[in-house]
Amino acid sequence: MNDYTEEINRRRTFAIISHPDAGKTTLTEKFLLYGGAINLAGSVKGKATARHAVSDWMEIEKERGISVTSSVLQFEYGGYCINILDTPGHQDFSEDTYRTLMAADSAVMVIDASKGVEAQTRKLFKVCVMRKIPIFTFINKLDRDANDTFDLLDDIEKELGIATCPLNWPIGSGKEFKGVYDRENKCVISYSDTEKGTKEGTATEIMLENQADLRQAIGDNAVDRLLEEMDLLDGAGAEFDLDAVRAGNLTPVCFGSALTNFGVEIFLKHFLKMTTTPLPRRSDIGLIEPGENQFSAFVFKIQANMNRAHRDRIAFMRICSGRFDAQMEVRHVQGGRVMRLSQPQQIMADDRKILSEAYAGDIIGVFDPGIFSIGDTLCMPKEKFQYEGIPTFAPEHFARVRQMDTMKRKQFVKGIEQIAQEGAIQIFQEFNTGLEEIIVGVVGVLQFDVLKYRLENEYNVEIRLENLPYEHIRWIENKDEVDIGRLSGTSDMKKVKDMKGNPLLLFVNSWSIGMTLDRNKGLVLTEFSRN
């Protein structure tokens, strides 16, 4: 075993997923507060404290109070080194979330106690199931009136098809929220004021058997109801099984209020006890073990202009095995070159810290001069394996993009290409032309707003978007066997190519795809490409 195994075993890397507005970014802030990474927690809406959440760093995120890009945050707590991947909740940015889940070993699912499982949670959960990663549930916003607790658990089991095991239980909700009951230690935990959640609370524990003190603290009705609900739960609830949790078949559930800090630290402690050390990753030469192999990593995200003053591009990579040293040379497999990674850094939203070393499980950012793509593998110079690719999802909305000022052509092309390399948008051009006309494809229409905003604010370019009627896109898998120029399609079909010159077909109607396949024997079309 290597001397870095101990460091790797301290790492815990997880993504936070939820429907928009379930309180995911607020929960992330509170983890940082308890880990000592920040001294005062902000809120996404910023009303109570007039501070923005640390993990929302883009101007558009601060203005709209939503997360539109994943952020990476690292902090120490209880001897663990924790890497949090905070993801956008809005479905229009789900592709960024899918890619981020590829870099995580487990996921924390945040659910609004007054709404239960929502549409986006279902979608993201399916990705977790596909990857078989453990899911831990935090039912949030108990400081507001909530749905019946049994109904919330039933909702998770029915909608997501996963068994639940509550580790604690809420006592009331809204103005009647008194705290949580810890099932393992058989005690009620209540909190002192946390100054609207900006500082840690002091927990008070009262054992369940200490009935007199308990009734005085939370009232007779709350105690009677708690005893009744515990009898029901002990009789009908799933038993806790760590193997089932790690296999992704059982989700441990905690309750609380991220806004007021009720239950946040309890959840963090439970989560760290149950989650795993960094997991092995699949490659074209088999599984790569974190502690037994030398340095390797893959790129899962690229972000331009994190520092507008320097117009830089950062490639985020998940270290999958071994130890990274800033002085070492590594092989960029897809680029076919051995190189030293430039300015390796740990990034706390838009704050940076230059790193000299990092370990399997860590997420690092490196300066990208335009050579990295999402899904690229980095490893030791003598190695040449590749990690599994990250799927590129088919866009569902298309628009023609033109710049308003023809004198700003250079900035326009540079801006749109850089934003496309991040994976937020996909850009295409007419099959037989250059970049005179650019067609942009996005998974969700809100991405068009972000594109317009970023081109204006980061590249000083105004654009006009003209929506196109296409709804379906297909990659031509056997492009080397097909004469694209002679393809016989339908009247609503358009031939385009992507930035790598790959031919694609756009269709208005789904039935046109079948007709085009019928008219061109041997043509093979696919719904997504893999980087």
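- Within the 3.5 Å criterion, the main-chain N or O of Pro381 finds a donor-acceptor partner in the side chain of Arg331.
- Looking only at side-chain heavy atoms (C-beta outward), Tyr459 and Ile416 stay at 4.5 Å or farther from each other.
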Show me the donor-acceptor pairs within less than 3.5 Å that the side chains of residues 482-489 make with the rest of the protein, sequence neighbours left out.
from	atom 1	to	atom 2	distance (Å)
Asp483	OD1	Gly485	N	3.1

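- Within the 3.5 Å criterion, the main-chain N or O of Gly415 finds no donor-acceptor partner in the side chain of Glu417.
- In this structure, the side chain of Asn478 engages the main chain of Val524 through a donor-acceptor pair within 3.5 Å.
- For Asp112 against Leu152, the heavy-atom pair with the smallest separation is O-CD2, 4.4 Å.
- Annotation: side-chain hydrogen bond (donor to acceptor under 3.5 Å, both in side chains) contacts of Asn502 (sequence neighbours excluded): Lys479, Asp498.
- Residues Glu289 and Pro280 are in side-chain contact: their nearest non-hydrogen atoms beyond the backbone lie under 4.5 Å apart.
- Between atom CG of residue Leu504 and atom CD of residue Gln429 there is a gap of 11.0 Å, rounded to the nearest 0.5 Å.
- In this structure a side-chain-to-backbone donor-acceptor pair under 3.5 Å is missing from Thr13 to Ala104.
- For the residue pair Thr137 and Thr251, a side-chain donor N or O sits within less than 3.5 Å of a side-chain acceptor on the partner.
- For Thr276, the side-chain hydrogen bond (donor to acceptor under 3.5 Å, both in side chains) test picks out no residue, with sequence neighbours left out.
- In this structure, the side chains of Arg402 and Glu466 come closer than 4.5 Å at one or more pairs of heavy atoms.
- A distance of 7.5 Å separates OH of Tyr387 from OG1 of Thr377, quoted to the nearest 0.5 Å.
- A distance of 9.0 Å separates CG in Asp492 from CE in Met515, rounded to the nearest 0.5 Å.
- Within the 4.5 Å cutoff, no side-chain heavy atoms of Phe316 are placed close to those of Ile302.
- Taking CG from Leu27 and CD1 from Ile16, the interatomic distance works out to 5.0 Å, rounded to the nearest 0.5 Å.
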Could you walk me through whether Glu388 and Asp284 pass the side-chain contact (heavy atoms from CB on, under 4.5 Å) check?
-> CA-CA 7 Å; Glu388 280 187 320; Asp284 58 2; over 6 Å; no
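- Residues Leu341 and Phe367 are not in side-chain contact: their nearest non-hydrogen atoms beyond the backbone lie 4.5 Å or more apart.
- Residue Val117 comes nearest to Asp155 through the heavy atom pair N-OD2, 2.8 Å, listed as atom of the first residue, atom of the second, then distance.
- Checking Gln74 against Asp362 by side-chain atom types alone, a donor-acceptor pair falls below 3.5 Å.
- In this view, Asp368 and Arg313 satisfy the salt bridge (charged side-chain N to carboxylate O under 4.0 Å, His left out) rule, not counting sequence neighbours.
- Contacts classified as ring pair (Phe, Tyr, Trp, His ring centres under 6.0 Å) and involving residues 322-341 (residues at least two apart or in different chains) are given here: Phe295-Phe324, His332-Phe372.
- Looking only at distances, a side-chain donor or acceptor of Asp405 sits under 3.5 Å from a matching main-chain atom of Met407.
- Closest approach of Pro278 and Ala360 over heavy atoms only: CG-O, 3.5 Å.
- Taking the side chain as every heavy atom from C-beta outward, Phe300 and Leu85 approach each other to under 4.5 Å.
- Taken to the nearest 0.5 Å, the CD atom of Glu471 stands 11.5 Å off from the CG atom of Leu506.
- Looking at residues two or more places apart in sequence or on another chain, you find a ring-ring contact (aromatic ring centres under 6.0 Å, His included) between Phe138 and Phe267.
- By the salt bridge (charged side-chain N to carboxylate O under 4.0 Å, His left out) test, Lys408 is found to be paired with no residue, residues two or more places apart in sequence or in another chain being considered.
- Considering all non-hydrogen atoms of both residues, Gly441 and Phe428 come closest at N-CE1, 4.0 Å.
- For residues 510-526, no residue pair satisfies the salt bridge (Lys or Arg N to Asp or Glu O under 4.0 Å) rule, not counting sequence neighbours.
- Under the rule for a side-chain hydrogen bond (donor to acceptor under 3.5 Å, both in side chains), the partners of Ser321 that lie at least two apart in sequence or sit in another chain are Ser296.
- Inter-residue side-chain proximity for Ile476 and Leu505 is flagged as met; some heavy-atom pair is nearer than 4.5 Å.
- Side-chain contact annotation: Thr164 with Glu157, donor-acceptor N/O pair under 3.5 Å present.
- Here Glu430 does not pair with Lys497 in a salt bridge; the nearest charged N to carboxylate O distance is not below 4.0 Å.
- In this structure, the salt bridge (charged side-chain N to carboxylate O under 4.0 Å, His left out) partners of Asp325, at least two apart in sequence or on a different chain, are Arg323.
- In the displayed structure, Arg464 atom CZ is contacted under 6.0 Å by at most 12 heavy atoms of other residues, nucleotides or ligands.
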Check step by step if side-chain contact (heavy atoms from CB on, under 4.5 Å) holds for Ile319 and Ile363.
-> CA-CA 6 Å; Ile319 302 178; Ile363 308 294; over 6 Å; no
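- Scanning both residues, Val299 and Ala315, for their nearest heavy atoms gives CG1-CB, 4.3 Å.
- The two residues Ala399 and Leu468 come nearest to each other via the heavy atoms C-CD1, 3.9 Å.
- Asp376 places no side-chain N or O within donor-acceptor distance of the main-chain N or O of Gln334, the cut-off being under 3.5 Å.
- For Lys452, the salt bridge (charged side-chain N to carboxylate O under 4.0 Å, His left out) partners at least two apart in sequence or on another chain are Glu456.
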Starting from the C-alpha separation in whole Å, work towards a yes-or-no answer on side-chain contact (heavy atoms from CB on, under 4.5 Å) for Met380 and Met328.
-> CA-CA 9 Å; Met380 297 304 286; Met328 75 197 306; 3.5 Å; yes
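- No donor-acceptor pair closer than 3.5 Å links the side chain of Lys384 to the backbone N or O of Val333.
- Using cut-offs of 30° and 60° on the angle between ring planes, the pair Tyr470 and Phe398 is perpendicular.
- Atom CZ of Arg337 has 12 or fewer neighbouring heavy atoms from other residues, nucleotides or ligands inside a 6.0 Å radius.
- Side-chain atoms of Ile133 and Leu101, non-hydrogen and from C-beta on, do get closer than 4.5 Å to each other.
- Formation of a donor-acceptor pair under 3.5 Å by the Asn457 side chain with backbone atoms of Tyr453 is found in this model.
- Checked for salt-bridge contact, Asp105 and Arg281 meet the test: a charged N lies under 4.0 Å from a carboxylate O.
- Formation of a donor-acceptor pair under 3.5 Å by the Arg12 side chain with backbone atoms of Asn83 is not found in this model.
- Evaluation of the ring-ring contact (aromatic ring centres under 6.0 Å, His included) rule for Phe136 yields Phe271 as partners, not counting sequence neighbours.
- For the atom pair CD of Gln345 and CD1 of Ile354, the computed distance is 4.5 Å after rounding to the nearest 0.5 Å.
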side-chain contact (heavy atoms from CB on, under 4.5 Å) between Phe75 and Ile84, intermediate numbers included | CA-CA 8 Å; Phe75 68 99; Ile84 302 183; 3.4 Å; yes
